[in-house]
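Have a look at the structure below before the remarks.
Every chain is numbered from 1 and lettered A, B, ... according to where its sequence line falls, protein lines coming before strand lines. Both backbone and side-chain heavy atoms feed into the values below; hydrogens, waters and symmetry mates do not.
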Protein chains: 2
Amino acid sequence: MDSSQLLKGVLDVAVLAVVADQDGYGYDVVRRLRTAGLEDVGDASVYGTLRRLFQAGALTSYVVPSDEGPHRKYYGLNQSGRDLLDSSTKTWMSFAQTMNLLLRHDPEAAK
Amino acid sequence: MDSSQLLKGVLDVAVLAVVADQDGYGYDVVRRLRTAGLEDVGDASVYGTLRRLFQAGALTSYVVPSDEGPHRKYYGLNQSGRDLLDSSTKTWMSFAQTMNLLLRHDPEAAK
DNA sequence: GGCACTACTGCGTAAGACGCGGTAGTGTCC
DNA sequence: GGACACTACCGCGTCTTACGCAGTAGTGCC
């Protein structure tokens with residue numbers, strides 16, 4: 001099954017969570033997400049998400065030159081980003097809980 | 001936060017689960033989903049999903065006239081739909097688990 | 001020079017959820 | 001009997017977003 005649709009709206013939270021752990025640059029965030037289990041995530045999606053979150057004011061950004069390749073554009077959370085991560089996490093948890101109740105097909109559990 | 005993006009790719013499973021419980025018609029499926037906690041789900045999304053799933057061969061369909069309003073177009077699961085529900089449920093569970101690990105910001109848990 | 005890996009960007013596409021408006025049938029209330 | 005509410009469905013247009021793909025560029029290795 002194509003899990004790419006499951007990502008809709010969730011990649012934001014995932015990226016925020018990864019960056020919250022430690023500042024990261026795009027290429028690295030991609031690797032960390034894949035390692036965490038989101039194996040099929042596309043790199044373009046992550047770069048796009050980072051730019052979107054930055055534009056939305058949730059991330060800080062600074063460029064660090066690298067000796068072993070091109071420069072790296074690091075992203076980090078600011079307060080707005082932390083708030084967003086918190087509220088998004090809560091939204092996700094509650095949503096996931098709802099889905100879990102729905103999917104264990106116990107009609108009573110959904111009441 | 002706008003939870004509509006979270007639904008992407010998940011509404012299919014939710015609709016399948018609701019219909020698996022008992023055959024249902026569009027308007028009723030909407031109500032059941034909302035009662036189950038998906039309060040913001042749009043009716044157009046559900047009707048669209050039902051038609052999509054039907055066209056994909058996962059649902060059966062039959063019309064029942066009603067004494068108390070317009071006719072009702074019932075949908076039910078066939079074998080293909082049950083298979084789809086099973087595999088989609090597994091995909092969801094595994095995806096949700098991955099997200100949960102990512103979101104409890106315990107760096108060790110993601111390894 | 002050619003290749004691999006790192007690192008980022010831009011463009012076009014497709015999927016899907018939703019708002020909105022429209023069409024009907026039934027029932028209620030004044 | 002007319003206005004309104006509720007039931008029930010459909011179609012259209014829009015927006016968001018994940019992704020494929022191509023391109024650019026730096027480093028290191030053979």
Side-chain angles (χ1 to χ4, degrees), chain A residues 1-16 19 23-34 38-56 58-59 61-75 88 91 95 99, chain B residues 1-16 19 23-35 38-56 58-59 61-75 88 91-92 95 99:
Chain A
M1 183 198 179
D2 181 18
S3 71
S4 84
Q5 291 303 317
L6 290 180
L7 269 183
K8 294 270 177 179
V10 175
L11 191 51
D12 282 32
V13 204
V15 166
L16 285 171
V19 172
D23 285 10
Y25 54 98
Y27 198 80
D28 183 48
V29 171
V30 171
R31 267 190 311 222
R32 286 202 261 162
L33 287 174
R34 289 190 178 149
L38 269 35
E39 297 167 24
D40 295 335
V41 75
D43 61 333
S45 311
V46 174
Y47 285 114
T49 300
L50 284 169
R51 271 173 296 187
R52 200 158 16 91
L53 289 172
F54 175 70
Q55 266 209 308
L59 298 181
S61 174
Y62 50 100
V63 171
V64 176
S66 165
D67 290 342
E68 306 155 10
H71 69 277
R72 296 166 172 173
K73 193 179 288 182
Y74 275 81
Y75 293 95
S88 298
T91 303
F95 178 76
M99 285 303 295
Chain B
M1 184 200 175
D2 181 18
S3 69
S4 83
Q5 292 301 320
L6 290 179
L7 269 183
K8 294 273 173 178
V10 175
L11 192 50
D12 282 31
V13 204
V15 166
L16 284 172
V19 172
D23 284 9
Y25 55 98
Y27 198 80
D28 183 49
V29 171
V30 171
R31 267 190 310 222
R32 286 202 260 163
L33 287 175
R34 290 190 177 149
T35 303
L38 269 35
E39 296 166 24
D40 294 334
V41 76
D43 60 334
S45 310
V46 175
Y47 285 115
T49 301
L50 283 169
R51 270 173 297 187
R52 200 160 13 93
L53 289 172
F54 174 69
Q55 267 209 308
L59 299 180
S61 173
Y62 51 100
V63 172
V64 177
S66 163
D67 289 343
E68 306 154 10
H71 69 279
R72 294 165 172 175
K73 194 180 285 182
Y74 277 82
Y75 293 95
S88 298
T91 303
W92 161 258
F95 178 77
M99 285 302 296

Exercise. Between atom CZ in A:F54 and atom P in C:dT9, what is the gap in whole Å?
Worked result: 11 Å

Exercise. Are A:H71 and A:V64 side-chain neighbours, meaning at least one heavy-atom pair lies under 4.5 Å?
Worked result: no

For this session: Indicate yes or no: at least one non-hydrogen side-chain atom of B:L11 is less than 4.5 angstrom from one of B:S45.
Result: yes

For this session: Using whole Å, report how far CG of B:L38 lies from C1' of C:dC18.
Result: 14 Å

Exercise. For A:R34 and D:dA18, what is the distance between atoms CZ and P respectively, to the nearest whole Å?
Worked result: 14 Å

For this session: Report yes if a side-chain nitrogen or oxygen of B:R51 is closer than 4.0 Å to either non-bridging phosphate oxygen (OP1 or OP2) of D:dG11; otherwise report no.
Result: yes

For this session: Would you classify B:T49 as touching base, sugar-phosphate or nothing, given that sugar-phosphate means primed atoms plus P, OP1 and OP2, and contacts are heavy atoms under 4.0 Å?
Result: sugar-phosphate

Exercise. Within this structure, what is the CZ-to-P distance between A:R32 and C:dA7, rounded to whole angstrom?
Worked result: 12 Å

Exercise. Heavy atoms, side chains only, cut-off 4.5 Å: are B:L53 and B:V19 in contact?
Worked result: no

Problem set entry | Within-4.5 Å side-chain heavy-atom neighbours: B:Y75 and B:R51 | yes

For this session: Salt-bridge test for B:D12 and B:R52: reply yes if a basic N is under 4.0 Å from a carboxylate O, no otherwise.
Result: yes

Exercise. Roughly, in whole Å, what's the span from CG in B:L53 to C1' in C:dA15?
Worked result: 14 Å

Seminar exercise, completed: DNA chain C nearest-nucleotide lookup for A:P70 and A:Y47: closer to the 5′ end is A:P70

Seminar exercise, completed: Of C:dG10, D:dA18, C:dA17, the nucleotide closest to the side chain of A:R52 is D:dA18

Exercise. To the nearest Å, how far apart are B:D67 CG and D:dT7 P?
Worked result: 16 Å

Exercise. If you check the B:H71 side chain, which of D:dC9, D:dC10, C:dA17 turns out closest?
Worked result: D:dC9

For this session: Scan A:D28 against the nucleic acid and name what it touches under 4.0 Å (heavy atoms): base, sugar-phosphate only, or nothing.
Result: nothing

Exercise. Rounded to the nearest Å, what distance is computed from the CG atom of residue B:D43 to the C1' atom of nucleotide C:dG16?
Worked result: 15 Å

Seminar exercise, completed: Ranking B:G26 and A:V46 by the position along DNA chain D of their nearest nucleotide, the one closer to 5' is B:G26

Seminar exercise, completed: From the candidates D:dC10, C:dG16, C:dT6, the one with an atom nearest any side-chain atom of B:K73 is D:dC10

For this session: Give the rounded distance in Å between these two atoms: CG of A:D12 and P of D:dC19.
Result: 12 Å

Seminar exercise, completed: Of the listed C:dG10, D:dT7, D:dA18, the closest approach to the B:Y27 side chain comes from D:dT7

Exercise. For D:dG26, does OP1 or OP2 lie under 4.0 Å from any side-chain N or O of A:R72?
Worked result: no

Exercise. Can you tell me if the side-chain N/O atoms of B:Y25 get under 4.0 Å from OP1 or OP2 in D:dC9?
Worked result: no

Exercise. A:S45 side chain: which of C:dA7, D:dG20, D:dA18 is closest?
Worked result: D:dA18

For this session: Over 60° means perpendicular and under 30° means parallel, so classify the ring planes of B:Y74 and B:Y62, tilted if in between.
Result: parallel

Exercise. Quick one: is B:R31 getting a side-chain N or O under 4.0 Å of the D:dT7 phosphate, OP1 or OP2?
Worked result: yes

